[in-house]
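These figures come from a predicted structure and were not determined experimentally. Only heavy atoms go into these numbers, but all of them, side chains included; no hydrogens, no water, no symmetry mates.
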Amino acid sequence: MDSRKRSYSRSASDKHLIAEQPGMVILISGFLLAFFIGYTTKSLLSPSRVATRIEKAASHIHKDIKVTFNSAHFSLADGILPRIAVIITGVRMESAKECWGAPVLEVDELRLPFSFLNVLRGRGPIKNIEANLVQLNLRNSIKDCAAEEIEQQQGSGAVSAPLVTLTPSEPSTKYRNDISGVYVQKLRITAEKYPQYYSELLNFAVKVKSFEPRVIELTAKSHLLKDDQVGDYLSHANLYMQYKESPEATVQTHFFGNWREGHYSIIANYTIDDRMLAIESDLKHIPLSQILGILQKYNLASKDLNGRQVWISSKARMMGAVDDLYKIPLEVRDLRLEGDLGEMKVDKIDITALEPLKYTPIIVDVKRLDIAKLLVLLNRPKDTSVLGELGSFTGRAEIHSDRKMKMSGEHRGLEFVFSNKGQRETQVIENMVGDISLDGDTWNFQVKRVEPRGGVFIGDVKVKADRDFEEINIKAGVDEISFAAPVQSLMTNGGEIGLVSIDGDIRLKKGQLDFLKGLVRVDAMNVEGMQFNKTKATLDWSHGEVQLNTQVRSLKVSSASAGAGILKHVTEPSWWNQNALTMSDLTGQFQFKSLKNLTWKNFQAQTGKNGRLVTDGSWNEEGRLKGHVHNRDGKVHRRWVIEGTRETPVFVEDKRK
């Protein structure tokens, strides 16, 4: 009895103790449950088991794709936050299939988060796929896979396994997946053929919006069109794509963003069954240099073009079959080029084919086009010292092709540079009206009206040149021309030049004179105190030298002029009347390649009734003089030998009879 009482008493006591300490029961039960779950989880979800399952799943992606990875494990947390996911590191997927471009896909870390909601709905446990850095490298050019697939199927009689898809192709399969999203922080796409060009997509995401009918959306941000030298902050791109299965399979794409200081928007719609493509674009203030870089990459623009400091705005659209992509008509509207070079505007361009490039004639309205900056755009900078500022052009151009175009309008501000004894003056052309045309490899320029500042021009000038301006032909028929007073003063050392008429034919090769034939008439000219009246000169190019034959009706030399100091050595005092020497019917010939090396022949002039002066001579590149002077006054003859230099000539009289 006592023992039963003790037993009952102890049992009651234990129950009382347990009842008083429920926390102890929970703690022990929780410990046992955690031990059981942990042990089971560790055995079922150990890295080796996870890796085995991943390898098995990877083997069913596609027969032509090889998949490897470094490790795979089951994670219960993402940092300090709880999260169940499969983590796969060092993923590498590659294929030798040439029609895919022999791609290699590398992922640093792939995450497959566990979705309890999907499990409760009877779907697969994985809803999303996440990755940090994904790199896709195309080792070959992408080709059309259709022909290759048909050949493989006909040869083997079997249909190749499909690529893994975002949605199941059947209601249920052994390896069914219910993936509804793929998220990549950075996707980098490169091609070994063009290593300098790459695409980088940030926050890349693919989402399944609907399984039936299938609707898939893709979004990403990019610096695809950035200029590395100005920084990422100036170029931001946004990509949006949507695939719809119904009512017809279509892909819609919108690519938009900032391109340096400009904005762009490109919208494309592609109907898969019909293989029809429609594209619309809108560019606003985009740097032309960036566009030229892309066009030059695909050989759609000359590599000689340089679009710095030029911006372009335009709208364009095209629609047609993808199979004839380069034959799809392209319509460009409201094309405008602006910048330091001025403004060019085109209302409409109809491009009938991209390869080879064909288009209907293009009408371009030009306002204040800076010629110097245009030459920079064409990579043909001015390389002559004869021209100063090249001025600006306003007019209209008609372009038939890159080998045929014409332009008419007015040119303002062109400068010609004149120099003499280290001094320079410019003759500004206020306004010049004419036509310019390119036919094949030949440029033609025709000047119809010229308004020189401070001068006069009445006549016509025609210029013909090759495409690179290495050979230039100039034909001039000028009835009257006069220069500004500062230019006249410089070229005559304080004198002036009256009206000049010119008929000439000049050919230059690589900046050097190759042919010259012309006639110049000057009504009156005062050079350093020497007055020339009715002067005529014919010019010819012979054996690499210019031959200048001169005729002067009368020449009056003042005793105060620079020429008087020389002429007094070889003339008779009786020839000077009222401190001036007057000569008539002066003729002679100059020969020179440049003024550093000059020869004069058979120069002679009449003085008074019986006086006559004859001279021949030359100076070399060092300025050394050599020649002689012969004068005759009635029956008296005198001779001098010319020595010294151009700056200090010496006349030694020959006393021999």
Side-chain angles (χ1 to χ4, degrees), residues 283-286 288 291-292 295 301-302 304-316 329-352 357-380 382 387 389-415 428-452 457 459-469 472 474-475:
L283 308 179
K284 294 181 180 178
H285 210 62
I286 301 297
L288 180 61
I291 294 179
L292 286 176
L295 295 178
S302 171
D304 292 334
L305 299 176
N306 180 349
R308 294 178 182 175
Q309 301 301 312
V310 182
W311 291 265
I312 184 172
S313 301
S314 75
K315 296 178 181 179
L330 172 63
E331 180 186 284
V332 181
R333 308 183 312 277
D334 301 328
L335 175 63
R336 186 185 300 270
L337 267 68
E338 302 170 287
D340 293 348
L341 60 72
E343 179 181 334
M344 289 186 284
K345 180 183 178 183
V346 181
D347 292 331
K348 185 178 179 181
I349 302 175
D350 288 318
I351 300 176
T352 56
L357 184 62
K358 296 180 181 178
Y359 46 84
T360 58
I362 302 170
I363 305 300
V364 185
D365 290 317
V366 182
K367 292 183 180 179
R368 297 179 297 278
L369 178 64
D370 190 301
I371 303 302
K373 291 182 171 59
L374 175 63
L375 293 178
V376 172
L377 172 64
L378 300 174
N379 258 342
R380 291 180 173 86
K382 175 176 70 72
L387 297 175
E389 295 294 330
L390 299 182
S392 64
F393 177 85
T394 297
R396 170 167 287 198
E398 183 175 328
I399 303 172
H400 294 264
S401 70
D402 63 343
R403 298 176 60 82
K404 186 175 182 180
M405 62 186 72
K406 61 182 180 180
M407 183 183 302
S408 60
E410 62 178 12
H411 193 156
R412 292 181 175 272
L414 178 64
E415 293 182 353
V428 179
I429 306 300
E430 297 279 12
N431 190 19
M432 182 167 58
V433 177
D435 299 327
I436 304 172
S437 67
L438 173 65
D439 190 356
D441 290 327
T442 303
W443 288 99
N444 285 284
F445 302 81
Q446 182 175 7
V447 179
K448 297 179 179 179
R449 187 180 79 244
V450 179
E451 298 176 6
F457 183 95
D460 183 76
V461 177
K462 295 180 180 179
V463 180
K464 179 181 289 187
D466 63 15
R467 194 179 187 90
D468 296 324
F469 291 90
I472 304 173
I474 304 172
K475 292 183 180 295

For this session: Please examine the side chains of R403 and L438, heavy atoms only from C-beta on, and report whether any two atoms are closer than 4.5 Å.
Result: no
For this session: Can you sort out the partners of D466 under salt bridge (charged side-chain N to carboxylate O under 4.0 Å, His left out), two or more places apart, ordered by chain and number?
Result: none
Exercise. What residues, two or more places apart in sequence or in another chain, satisfy side chain to side chain contact (heavy atoms under 4.5 Å, CB included) together with S437?
Worked result: K406, N444
For this session: With rounding to the nearest 0.5 Å, note down the distance linking CG in L369 to CG in L337.
Result: 10.0 Å
Problem set entry | side chain to side chain contact (heavy atoms under 4.5 Å, CB included) against T360, all qualifying residues, sequence neighbours excluded | D350
Problem set entry | Listed partners of R368 passing salt bridge (charged side-chain N to carboxylate O under 4.0 Å, His left out), at least two apart | none
Exercise. What distance separates E338 CD from L288 CG, expressed to the nearest 0.5 Å?
Worked result: 12.0 Å
Exercise. Can V366 and T394 be said to form a side-chain contact (heavy atoms from CB on, under 4.5 Å), step by step?
Worked result: CA-CA 5 Å; V366 182; T394 297; 6.0 Å; no
Problem set entry | Point-to-point distance, once rounded to the nearest 0.5 Å, from OG1 of T352 to OH of Y359 | 10.5 Å
Exercise. Of all residues at least two apart in sequence or in a different chain, which pass the side-chain hydrogen bond (donor to acceptor under 3.5 Å, both in side chains) check with D439?
Worked result: none
Identify each donor-acceptor pair in which a side-chain atom of residues 329-336 lies under 3.5 Å from a protein atom, sequence neighbours left out, and give them as a table.
{"from": "E331", "atom 1": "OE2", "to": "R317", "atom 2": "NE", "distance (Å)": "3.2"}
{"from": "E331", "atom 1": "OE2", "to": "R317", "atom 2": "NH2", "distance (Å)": "3.2"}
{"from": "E331", "atom 1": "OE2", "to": "R333", "atom 2": "NH1", "distance (Å)": "3.4"}
{"from": "R336", "atom 1": "NH1", "to": "E343", "atom 2": "OE2", "distance (Å)": "2.6"}

Exercise. Between atom CE of M407 and atom CH2 of W443, what is the distance when rounded to the nearest 0.5 Å?
Worked result: 7.0 Å
For this session: Mind running side-chain contact (heavy atoms from CB on, under 4.5 Å) on V364 and M405 for me, showing each step along the way?
Result: CA-CA 11 Å; V364 185; M405 62 186 72; over 6 Å; no
Exercise. How would you list, by chain and number, every residue that makes a side-chain hydrogen bond (donor to acceptor under 3.5 Å, both in side chains) with H285, sequence neighbours excluded?
Worked result: none
Exercise. Hey, are the side chains of V310 and L341 touching, using non-hydrogen atoms and a 4.5 Å cut-off?
Worked result: yes
Seminar exercise, completed: Residues passing the side-chain hydrogen bond (donor to acceptor under 3.5 Å, both in side chains) test with K348, sequence neighbours excluded, are none
For this session: Could I get the full list of salt bridge (charged side-chain N to carboxylate O under 4.0 Å, His left out) partners for E430, not counting sequence neighbours?
Result: R453
Problem set entry | Side chain to side chain, P452 and I429, heavy atoms closer than 4.5 Å | yes
Exercise. Looking only at heavy atoms, what is the nearest atom pair of G413 and V428, with distance?
Worked result: CA-CG1, 4.5 Å
For this session: Look up atom CD in E389 and atom CD1 in I371, then write down how far apart they are to the nearest 0.5 Å.
Result: 12.0 Å
Seminar exercise, completed: Separation between CG (L283) and NZ (K315), nearest 0.5 Å, reads 11.0 Å
Seminar exercise, completed: When every non-hydrogen atom of D347 is compared with those of K345, the smallest separation belongs to OD1-CE, 3.6 Å
Exercise. Listed by chain and number, what are the side-chain hydrogen bond (donor to acceptor under 3.5 Å, both in side chains) partners of D365, not counting sequence neighbours?
Worked result: R396
For this session: Quick one: closest heavy-atom pair of H411 and L414, and the distance?
Result: NE2-CB, 4.2 Å
Exercise. Sequence neighbours excluded, which residues qualify as salt bridge (charged side-chain N to carboxylate O under 4.0 Å, His left out) partners of R467?
Worked result: none
Seminar exercise, completed: Those residues at least two apart in sequence (or on a different chain) that pass side chain to side chain contact (heavy atoms under 4.5 Å, CB included) with V447 are M432, V450, V461
